[in-house]
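First comes the structure, then the notes that go with it.
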Amino acid sequence: MKIGFIGGGKIAQALANGLIKAGVTNGNKILVSCAPEDLLSAKAFKEIGAEVTFKNSKIVENNEVVIMAVKPSIVPIVLQDIHNSVSRRNLILSVAMGVTLKFIEQSLPAGSRVIRAMPNAAAEVQKAASVFVCGSNTIQNDAQIAFQILEAVGTCNQVEEDLLDPITALSGSGPAYIYNIIEAMADGAVKKGLPRDLAYSLTAQTVVGAGQMVLSSGLHPAILKDNVTSPAGIN
Ligand SMILES: NC(=O)C1=CN([C@@H]2O[C@H](COP(=O)(O)OP(=O)(O)OC[C@H]3O[C@@H](n4cnc5c(N)ncnc54)[C@H](OP(=O)(O)O)[C@@H]3O)[C@@H](O)[C@H]2O)C=CC1
Ligand SMILES: O=C(O)[C@@H]1CCC=N1
């Protein structure tokens, strides 16, 4: 699949790398537009074989599927950049937190096909938890395109737009909460004498295992917690 990215930063790189690992696309099918000063992002995309431009409109002119991966404050600038190039041929998939479908659709030509999505950083290792919402002008196949992209980098659910803000806080930002927990747990273990790399690997695998227990057992987390915590730790 040919994919265009507007914005080549953290989530764009995570999605691109995850999609390449999944075989959905490859470097020479990716075109990304970076901010002219963002040479690091440009370098990262060139290293995976992608073509880099500094013109956002070029992404729209050369790709049906366009993933808009810029910060919310930059979205209006980008929408202005691409306004005269967007047509019904394009599917604009925005991952920008908090920017509504209404705002995006009203900032583009009437009838523009728009999807809002909320992936997370684990797309890099194909373990993301993603959701998406179809805009009012999408066509039948657009939801399938969103599923193909997002299921290639983890789990994916189609939701209503009013759930996107809490989901952004939960799973969009969630990896950061867990990274803090992993750091704190590992630091405690290091304080007790564990080598740091062992502390990190044991902690990270504990998080992976606990998450998988929740997903696979179907048991309430409180039950799973009780199954671990023996009274006084010995009885
Ligand atoms: N990071 C994450 O885990 C997730 C992020 N998101 C969403 O994705 C979006 C991007 O986030 P994130 O990747 O973290 O942010 P980054 O800042 O890492 O990436 C955004 C990129 O856009 C570039 N940029 C700035 N202005 C323009 C422009 N006018 N045209 C093209 N590119 C431009 C930035 O360059 P420069 O740095 O030079 O300004 C930067 O490289 C946000 O809206 C965020 O809410 C969603 C889910 C998860
Ligand atoms: O902070 C951000 O912009 C993004 C939104 C979801 C996770 N991080």
Side-chain angles (χ1 to χ4, degrees), residues 3-19 30-48 50-63 65-86 90 92-104 107-108 114-133 146 149-157 159 161 163-182:
I3 300 180
F5 287 90
I6 297 179
K10 292 182 282 300
I11 196 61
Q13 291 176 39
L15 286 167
N17 290 330
L19 289 167
I30 292 176
L31 178 62
V32 61
S33 63
C34 296
E37 73 279 3
D38 188 9
L39 301 178
L40 278 179
S41 295
K43 180 172 180 289
F45 271 92
K46 283 178 183 166
E47 283 172 354
I48 62 174
E51 184 185 345
V52 176
T53 177
F54 299 123
K55 272 186 87 210
N56 292 328
S57 55
K58 189 174 174 187
I59 304 297
V60 169
E61 289 153 6
N62 290 277
N63 293 277
V65 179
V66 174
I67 297 178
M68 183 167 62
V70 294
K71 290 291 191 190
S73 61
I74 305 294
V75 167
I77 299 168
V78 167
L79 294 176
Q80 199 170 12
D81 284 347
I82 67 175
H83 183 278
N84 296 335
S85 305
V86 172
N90 298 108
I92 307 298
L93 194 151
S94 170
V95 299
M97 68 182 284
V99 182
T100 63
L101 284 166
K102 184 178 178 189
F103 178 82
I104 299 170
S107 304
L108 291 175
V114 181
I115 282 181
R116 270 187 77 184
M118 184 42 62
N120 68 20
E124 177 80 37
V125 292
Q126 297 174 274
K127 293 293 182 191
S130 303
V131 298
F132 73 90
V133 187
I149 289 171
L150 297 171
E151 284 185 332
V153 295
T155 63
C156 178
N157 289 280
V159 299
E161 189 168 21
L163 296 181
L164 268 190
D165 285 347
I167 289 172
T168 298
L170 176 69
S171 49
S173 306
Y177 316 148
I178 305 303
Y179 298 146
N180 278 334
I181 292 169
I182 289 173

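Every number for a ligand or one of its atoms is a count from 1 in the order of the listing. Every value quoted in this text rests on a predicted model; they were computed, and no experiment measured them.
In terms of modelled atom types and a separation under 3.5 Å, the side chain of Gln13 and the main chain of Gly8 share a donor-acceptor contact.
Nearest approach of Val153 to Gly18, heavy atoms of both residues: CG1-C, 3.6 Å. Contact between Asp81 and Ser57 at its shortest, heavy atoms only, is O-CB, 3.8 Å.
Heavy-atom proximity to Ser173, at under 4.0 Å, picks out these atoms of ligand 2: 6 (C), 7 (C). Of all atoms in ligand 2, listed by their number and element, those nearer than 4.0 Å to a heavy atom of Gly172 are 6 (C), 7 (C).
Within the structure, the side-chain hydrogen bond (donor to acceptor under 3.5 Å, both in side chains) test picks out no pair touching residues 164-178 (sequence neighbours left out). Annotation: salt bridge (Lys or Arg N to Asp or Glu O under 4.0 Å) contacts involving residues 117-127, sequence neighbours excluded, comprise Lys21-Glu124. Listed by first and then second residue, the salt bridge (Lys or Arg N to Asp or Glu O under 4.0 Å) pairs that reach into residues 94-104 come to none, sequence neighbours excluded.
Heavy-atom contacts from other residues, nucleotides or ligands closer than 6.0 Å to CD of Glu161 number more than 12.
Distance from atom 3 (O) of ligand 2 to its nearest protein heavy atom, with residue and atom name: Met97 SD, 3.3 Å.
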Show the distances, to 0.1 Å, for all pairs joining an N/O atom of ligand 1 and a protein N/O atom that are shorter than 3.5 Å, listing one pair per line.
unit_1	atom_1	unit_2	atom_2	d
ligand 1	13 (O)	Lys10	N	3.2
ligand 1	13 (O)	Ile11	N	2.9
ligand 1	18 (O)	Lys10	N	3.0
ligand 1	18 (O)	Lys10	NZ	2.9
ligand 1	30 (N)	Asn56	ND2	3.1
ligand 1	35 (O)	Asp38	OD2	3.4
ligand 1	38 (O)	Glu37	OE2	2.9
ligand 1	41 (O)	Asp38	OD2	2.4
ligand 1	43 (O)	Val70	O	2.7
ligand 1	45 (O)	Met97	N	3.2

